[in-house]
Amino acid sequence: MARALTGKFNGVMPSDIDKLQELPGIGRKSANVLAAVIFNKPAMAVDTHVQRVSARIGLTVNAKKSLPDRNATHQIYS
């Protein structure tokens, strides 16, 4: 990750969730945690189990990814 940070981002941790996911070992959940905690951005980390349980109890239908956290975040912080 250090090489990716120095090579791709000039040693500066990106604050953008999509750019954070370009770093090795950083997935959607980790990117949202970093954005929320380090950069104080309105982001929600959604665990895989939340997706599975939400689908099971009918909160989501045919969701291929975790709950649409960007839409949920927008609704919460709007």
Side-chain angles (χ1 to χ4, degrees):
M1 181 186 297
R3 286 185 183 152
L5 266 174
T6 56
K8 195 169 192 174
F9 299 107
N10 296 319
V12 178
M13 176 76 80
S15 62
D16 180 72
I17 291 170
D18 293 327
K19 292 205 181 298
L20 283 165
Q21 291 180 76
E22 294 176 18
L23 294 167
I26 302 294
R28 188 175 188 178
K29 180 180 173 184
S30 296
N32 278 291
V33 168
L34 292 169
V37 174
I38 295 174
F39 300 107
N40 202 28
K41 288 191 167 197
M44 288 188 336
V46 179
D47 192 83
T48 303
H49 302 293
V50 172
Q51 173 192 1
R52 183 178 48 82
V53 171
S54 296
R56 208 174 260 184
I57 63 174
L59 293 176
T60 61
V61 179
N62 298 325
K64 299 204 187 306
K65 295 181 180 179
S66 297
L67 290 173
D69 50 26
R70 289 186 182 153
N71 292 340
T73 301
H74 179 71
Q75 291 173 356
I76 291 169
Y77 290 101
S78 294

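Start at 1 with the first residue, then count along the sequence.
- Taking all atoms of both residues into account, the shortest heavy-atom contact from A35 to S15 is CB-O, 4.2 Å.
- Follow the hydrophobic side-chain contacts under 4.5 Å out from F9 and you reach I38 in the same cluster.
- Summarising the geometry of P14 relative to F39, their closest heavy-atom pair is O-CE1, 3.4 Å, with the distance given to 0.1 Å.
- Residues satisfying the salt bridge (Lys or Arg N to Asp or Glu O under 4.0 Å) criterion with K19, sequence neighbours excluded, are absent altogether.
- Residues meeting the side-chain contact (heavy atoms from CB on, under 4.5 Å) test with I26, sequence neighbours left out: M1, L20, L23, S30, A31, L34.
- The nearest pair of heavy atoms linking K8 to E22 is NZ-OE1, 2.9 Å.
- Closest non-hydrogen pair, A36 versus A43, comes out as CB-O, 3.6 Å.
- When the side-chain contact (heavy atoms from CB on, under 4.5 Å) test is applied to V33, the partners found at least two apart in sequence or on another chain are V37, A45.
- The backbone N or O of D18 lies less than 3.5 Å from a partner atom in the side chain of D16, making a donor-acceptor pair.
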